[in-house]
Amino acid sequence: MKEMLNAYAEVVGHDVIAHLQQLSRPLQGMKVVHVNSTRVGGGVAEILEKMVPLSNELGIHTSWEVISGGEDFYHCTKAMHNGLQGHRAPIADSLLAAYEETNRENAERLRDQLEDADIVFIHDPQPAPLLGLCPNRRGRWIWRCHIDASHPYRPLWRYLRSHLAGYDASVFSLPAFAQSLPHPEYIIPPSIDPLSDKNIDLADSEIDEVRQRFEIDSQRPMILQVSRFDRFKDPVGVIEAHRLARKFVPCLQLVLAGGTATDDPEGEAVLQEVRQAAGDDPDIKILLLPPDAHRTINALQRAADIVVQKSTREGFGLTVTEGLWKGKAVIGGDSGGIRLQVVDYHTGFLVRTPQGAALRIRYLLYRRDRMAEIGEKSRQFVRENFLLTRHLRDYLALIVGLLHGAEYRIELD
Ligand code: UDP
């Protein structure tokens with residue numbers, strides 16, 4: 001077996017890799033191209049960085065192209081991102097003109113390759129017009145939306161829809177995120193990479209080092225929430241839950257880890273509220289971590305007894321997936337994609353209030369046996385549903401399905 005496949009097989013199991021190989025057999029030698037608008041930063045780039053070489057090892061000729069543009073293009077696509085998430089602000093015609101012009105320029109460079117590809121994945125709205133600019137395409141084109149488009153700003157959606165209608169299929173992350181389009185739509189949830197710094201197994205010594213660095217007492221229980229300082233993540237509610245839970249577990253420590261967020265005025269304000277709510281409590285640690293602190297976050301998640309993500313609104317909630325993968329019970333807010341991941345008494349508990357969270361914290365810390373059982377199920381649940389290999393399997397199944405059209409039955413050897 002090849003190098004990456006081997007490495008993944010060690011973590012996800014040989015059966016999962018065998019399944020990928022089976023699905024990729026009818027796709028040997030096919031040309032697949034992914035197009036997005038950034039090589040680094042953001043979830044899409046993170047996924048593609050591993051998914052593209054993994055697909056190549058499976059014998060599918062997969063490439064990754066990045067479109068680029070000037071300032072107006074990025075202003076426009078940022079506004080589109082916000083508008084898809086519901087921000088009601090029109091986008092100036094001049095910015096839309098830059099968006100279309102940038103796509104035209106990029107189409108000049110990419111046209112031959114895209115028209116020749118068997119399958120093209122266009123990620124998010126940035127490169128969406130490329131389809132209309134490749135009139136001689138021979139393959140199937142899929143629009144992959146990673147954004148919560150459940151309540152888009154309507155004039156923007158009407159505009160984007162004109163670029164999207166011609167695709168052969170589109171993919172959304174959750175049913176709730178989808179919009180109606182005149183072609184088959186598929187739901188493919190996000191995933192985490194078990195071999196990334198954020199998720200790879202760590203030696204106990206590294207976890208201990210991180211405990212020491214942040215003065216976390218290994219002899220006392222610790223609960224953790226990792227998230228941006230955003231009101232929808234309800235960090236103040238977590239502090240409240242910690243206070244209530246301490247009536248039963250007085251030695252309980254709380255760690256709230258988030259980014260520095262100094263360029264985000266809202267984030268700065270929320271951080272102040274969090275600091276105020278924490279007061280001078282030595283058992284509440286507020287950690288401001290740099291954006292690349294992946295191993296530190298990994299170690300904190302492993303050091304925690306319980307991972308909390310008490311969001312009142314959430315897209316998918318990758319921090320939940322990360323916590324579950326580390327064998328933790330997760331106490332999550334009853335919202336968005338957290339509902340897909342947290343199953344009461346199986347992978348953790350869904351809660352709506354600080355009181356609810358405190359009761360569940362008490363339950364888990366008093367019932368270590370149940371907590372251990374839940375932790376095992378949590379890891380297994382992520383292994384089966386939310387790893388990069390499942391994500392790739394879904395893409396391969398989608399390709400096989402598209403190539404077979406409306407056939408009732410597809411035989412794989
Ligand atoms: N994250 C991080 N540093 C932070 C806060 C979050 O690296 O200070 C990571 C976190 O581990 C997760 C992602 O950023 O991988 C957040 O994704 P999620 O879906 O939980 O929330 P979002 O921030 O996208 O709303």
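In what follows, residues are counted from 1 in the order of the sequence shown. In each ligand, atom 1 is the first atom listed, and ligand 1 is the first ligand listed.
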* **Arg379 to Trp325, cation-pi by 6.0 Å centre distance and 45° axis angle** => yes

Taking only non-hydrogen atoms of Gly317 and a 4.0 Å limit, the atoms of ligand 1 in range are 19 (O), 20 (O)

### Message
Would Ile297 count as a contact residue for ligand 1, given that I'm defining contact as a non-hydrogen atom of the residue lying under 4.0 Å from a ligand atom?
### Response
yes

Within the 4.0 Å heavy-atom cut-off, what Val320 brings close to ligand 1 is neither

### Task
Check whether any heavy atom of Gly315 sits under 4.0 Å from an atom of ligand 1.
no

Honestly, for Leu289 the part within reach of ligand 1 (heavy atoms, under 4.0 Å) is neither

Between Arg302 and Glu206, does any side-chain N to carboxylate O distance fall below 4.0 Å? no

The option among Leu318, Asn199, Leu288 carrying the non-hydrogen atom nearest to atom 18 (P) of ligand 1 is Leu318

Checking heavy-atom distances from atom 15 (O) of ligand 1 to each of Glu322, Arg313, Gln225, the winner is Glu322

Checking heavy-atom distances from atom 10 (C) of ligand 1 to each of Asp230, Asp292, Thr319, the winner is Thr319

Quick note on ligand 1: atoms under 4.0 Å from a heavy atom of Glu314 include exactly 21 (O), 25 (O)

Under a plain distance cut-off of 3.5 Å, with no hydrogens placed, do Gln309 and Thr319 share a side-chain donor-acceptor pair?
yes

Under a 3.5 Å threshold, yes or no: a donor from one side chain and an acceptor from the other, between Glu376 and Gln380? no

Ligand 1 to Gly259, heavy atom cutoff 4.0 Å, flagged ligand atoms 4 (C), 8 (O)

With distance as the sole test, does Asp193 use its side chain to make a donor-acceptor pair with the main-chain N or O of Leu388 at under 3.5 Å? no

* Asked: Would you say the ring centroid of Phe172 lies under 6.0 angstrom from that of Tyr186?
  -> no

Short version for Lys198: what comes under 4.0 Å of ligand 1, heavy atoms counted, is side chain

Distance-only donor-acceptor check, side chains Arg144 and Ser173, under 3.5 Å | yes

Within 45° cone and under 6.0 Å: Arg362 NZ/CZ vs Phe248 ring = yes

- Message: Could you check whether Arg109 and Asn106, counting side-chain N and O atoms only, form a donor-acceptor pair closer than 3.5 Å?
- Response: yes

A student checking ligand 1 against Arg228 at a 4.0 Å heavy-atom cut-off should list atoms 22 (P), 23 (O), 25 (O)

Proximity flag Lys233 to ligand 1, non-hydrogen atoms under 4.0 Å: yes

Atoms of ligand 1 under 4.0 Å from any heavy atom of Gly258, numbered from 1 in the order shown, are 8 (O)

